[in-house]
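Read the structure below first, then the notes.
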Amino acid sequence: MTKLFSKTRKTHPSDEVALNAQLLIKAGYIHKEMAGVYSYLPLGLKVIENIKDIVRDEMNALDSQELTMTTLQEKELWEKTDRWDDNNVDIWFKSELKNGTEVGFGWSHEEQVGNMVKEYINSYRDLPMSVYQFQNKLRNETRAKSGILRTREFIMKDMYSFAESEEQHKEFYDRVTESYHKVFDRVGLGKDTYFTFASGGAFTDKFSHEFQTLVGAGEDIVYIDKKQKIALNKEVMNDDVLDLLKLKKENFEESVSAEVGNIFSFGSSKSETLGIYFTDKEGVSRPVIMGSYGIGIARLMGVIVEYFSDENGLNWPYSVAPYKVILTTIGNDPDVLKEAETMYKNLTDKGIEVLYDDRDARPGEKFADADLLGIPLRVVISEKNIKSGELEIKRRSEKNSQYIKKDELQKVIETIKKNNT
RNA sequence: CGGGGUGUGGCGCAGUUGGCUAGCGCGCACGGCUGGGGGCCGUGAGGUCGCCGGUUCAAGUCCGGCCAUCCCGACCA
């Protein structure tokens, strides 16, 4: 911790109202550049990378392939789908090249990816196919708010799928739904994250689907059916939709939620506009069926903060925690320091990420920071504990510390990992 | 984009009807005492009072414009 350039602080900036940003700034995870624009410091970046690793793992399991597309985008492509005009899409950041050519900064990559894959999709043998990326999206929001939940620049995982038929598309779409549930389970939000019917929007089928996490800081209103574990976004909550889905209104209750993911079907409309065709078995040229699947990585981090934090600060699920153990020394006794360094090495050698609080600070400050930083397990090394021969541990999710035998530590860590808290 | 609020050392704040070298706490540096839930004492560094212009003998304070930021609303593909 003496080498960590970020430091904790006791207060948050007075103009930061959102809990997620208050805590992340106090703990030194993020830095605000301007309204709706945040930098991710070493601790914050580790959380982002942990979330990305989980998402990446699940996307790869779908045989989707990772790539990275550019932020600068061509005007012509968006004009084809009539989405360049500011009257149709009002969140564009635009600029121009030295020669006057207009360019846009990507707020989505649907058009770009569609245009790109035309080169590689020729035959039904090339389908189904899917690609994804983690990328900074730029959206000129009229009003950024809620800390890192709604920003002008944000990290998003966006995936795109291409299929030869509605059936093939549906199969992939359903597998993505499963994968998304796994992602939200793995980051600790599974219990309160609902598969949600939402309005389709331009170019899409009747419904799109969202993944909504029940959390007070959210911006959406959903109606949830806890038994069936599904939800309807308020925007589609009406009798026609209920009839169509064969659902009963009385099973639903209203709740505030945050959208952590969404998935769209485009059918063949976008392919027809962009000219993405393949040749089927009969030699007939047909438009591909396209889908789009997003997870807001930075927003997900913010939702996790909002969901788990308490009056003492952050509280990360093990799976996304920047460090799994915080090793806290008390006093400057040589035996204490030696013991701490031995433990640091032992745990690190086992692949467990340890944040070593080697500061010459008083216990109270160290404990307060350990809580604020939200590391799942705290281990305290002190003269007192060395004499007793026991290990003092405290889980972030629990109030009091406990004493265990030294050889039980590994088991405790395994348990926390398994329960993800 | 409509409405409202706020800008004073890195952070949180005070500064009265305009008036004297712009204060306080945290943090920071140095010295000392401490040592299990943000401890204490002393010394010190650090400020174009958001920016530009105006009124005045005199502006952090009054007026105008601008900028930034937050909240409510609208929007959210």
Side-chain angles (χ1 to χ4, degrees), chain A residues 5-18 21-22 25-28 31-38 78 81-92 106-111 137 139-147 149-152 154 156 158 198-205 207-210 218-221 233-235 258-259 262-266 269-270 292-294 296 299 311-313 328-333 336 357 359-373 378-388 392 394 399-401 403:
Chain A
F5 93 84
S6 65
K7 293 178 175 61
T8 60
R9 21 190 275 190
K10 289 181 183 172
T11 56
H12 57 78
S14 58
D15 62 10
E16 198 65 80
V17 171
Q22 288 180 345
I25 288 171
K26 274 175 74 177
H31 169 77
K32 183 183 206 159
E33 297 292 341
M34 61 179 93
V37 181
Y38 293 87
W78 288 98
T81 53
D82 203 21
R83 297 211 285 179
W84 176 259
D85 193 320
D86 289 341
N87 294 315
N88 297 338
V89 175
D90 62 4
I91 53 172
W92 271 114
W107 57 274
S108 165
H109 284 69
E110 288 155 5
E111 271 72 349
K137 302 294 186 222
R139 295 186 182 180
N140 201 347
E141 296 283 354
T142 47
R143 187 182 164 205
K145 59 175 182 170
S146 307
L149 298 189
R150 187 177 185 80
T151 58
R152 298 195 167 93
F154 58 95
M156 181 173 177
D158 45 326
S199 67
F203 293 94
T204 69
D205 286 353
F207 296 110
S208 69
H209 296 100
E210 298 169 341
E219 299 181 305
D220 290 347
I221 304 286
N233 193 304
K234 188 179 183 179
E235 65 198 14
E259 179 186 330
N262 66 0
I263 58 180
F264 292 92
S265 293
F266 291 116
S269 59
K270 194 174 285 287
S292 168
Y293 316 83
R299 174 184 283 182
E311 64 278 5
N312 293 322
T328 303
T329 55
I330 293 180
N332 290 318
D333 184 81
V336 168
D357 189 351
R359 297 175 299 171
D360 180 22
R362 294 171 62 83
E365 187 177 350
K366 289 191 169 194
F367 293 158
D369 278 343
D371 285 345
L372 175 61
L373 289 164
R378 187 185 81 195
V379 178
V380 176
I381 310 287
S382 69
E383 286 185 72
K384 189 178 89 180
N385 292 339
I386 289 175
K387 273 178 198 149
S388 76
E392 177 185 343
K394 178 187 164 298
K399 261 235 153 16
N400 299 314
S401 53
Y403 292 87

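These figures come from a predicted structure and were not determined experimentally. All chains are named by letter (A, B, ...) in the order of the sequence lines, taking the proteins before the strands, and each is independently numbered beginning at 1. Computation of the quantities below employed the complete heavy-atom set of this structure, encompassing side-chain atoms and omitting hydrogens, waters and symmetry-equivalent molecules.
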Do A:K26 side-chain atoms and A:L372 backbone N/O form a donor-acceptor pair below 3.5 Å? no
In dot-bracket notation, what is the pairing pattern of RNA chain B, taking Watson-Crick (N1-N3 plus N6-O4 or O6-N4) and G-U wobble (N1-O2 and O6-N3) contacts under 3.5 Å, with [ ] crossing and | for other strands? (((((((..((((.....[...)))).((((((.....)))))).....(((((..]....))))))))))))....
Quick check: any donor-acceptor pair below 3.5 Å linking the side-chain of A:R359 to the base of B:rG38? no
Quantified in whole Å, what is the C1' atom distance between nucleotide B:rG54 and nucleotide B:rG12? 33 Å
Under 4.0 Å between a side-chain N or O of A:R150 and OP1 or OP2 of B:rC75? no
Side-chain heavy atoms of A:R152 within contact of A:M34, under 4.5 Å: no
Output the rounded distance in Å from CD (A:E210) to P (B:rC76). 12 Å
Cation over ring, A:R378 on A:F367, under 6.0 Å and within 45°? yes
Expressed as a whole number of Å, how far does the C1' atom of B:rC72 sit from that of B:rG53? 33 Å
Do A:P13 and A:I25 have side-chain heavy atoms sitting under 4.5 Å apart? yes
If you measure from the P atom in B:rU16 to the same atom in B:rC63, how many Å do you get, rounded? 14 Å
Donor/acceptor link under 3.5 angstrom from A:D90 side chain onto base of B:rA77: yes
B:rC52 to B:rC11 separation - C1' atoms, rounded to the nearest Å: 28 Å
Is A:K32 close enough to B:rC11 that one of its side-chain N or O atoms is under 4.0 Å from OP1 or OP2 there? no
Which whole-number value in Å describes the distance from A:K26 NZ to B:rG12 P? 12 Å
Touch check for A:K366, heavy atoms < 4.0 angstrom, all strands: base, sugar-phosphate only, or nothing? nothing
Could you tell me if the side chain of A:Y403 sits less than 4.5 Å from the side chain of A:N385, heavy atoms only? yes
Comparing A:E110 with A:R9, nearest RNA chain B nucleotide closer to 5' gives the residue A:R9
May I ask you to say what A:T142 touches in the nucleic acid, namely base, sugar-phosphate or nothing, with a heavy-atom cut-off under 4.0 Å? base
Phosphate OP1/OP2 of B:rC13: any A:S14 side-chain N/O under 4.0 Å: yes
Atom P, compared across B:rG47 and B:rU8: separation rounded to whole Å: 15 Å
Does A:R143 reach a base, just sugar-phosphate, or nothing at all? Heavy atoms under 4.0 Å. base
Are A:I330 and A:V336 packed together at the side-chain level, in the sense that at least one heavy-atom pair is separated by less than 4.5 angstrom? no
Distance, rounded to the nearest Å, where A:W92 contributes CH2 and B:rA77 contributes P: 16 Å
Indicate yes or no for a side-chain donor-acceptor contact from A:D220 to the backbone of A:N233 under 3.5 Å, with no hydrogens or angles considered. no
If you measure from the C1' atom in B:rG25 to the same atom in B:rG38, how many Å do you get, rounded? 14 Å
Check ion pair A:E110-A:R83 (N to O, under 4.0 angstrom): yes
Which is true for A:A35 with a 4.0 Å heavy-atom rule: it touches a base, it touches only sugar-phosphate, or it touches nothing? sugar-phosphate
Under 4.0 Å, counting only non-hydrogen atoms across every strand here, what does A:D360 touch: a base, just sugar-phosphate, or nothing? base
Reckon A:V17 touches a base, only the sugar-phosphate, or nothing at all at heavy-atom distances under 4.0 Å? sugar-phosphate
At 4.0 Å (heavy atoms only), tell me whether A:D220 reaches a base, stays on the sugar-phosphate, or touches nothing. nothing
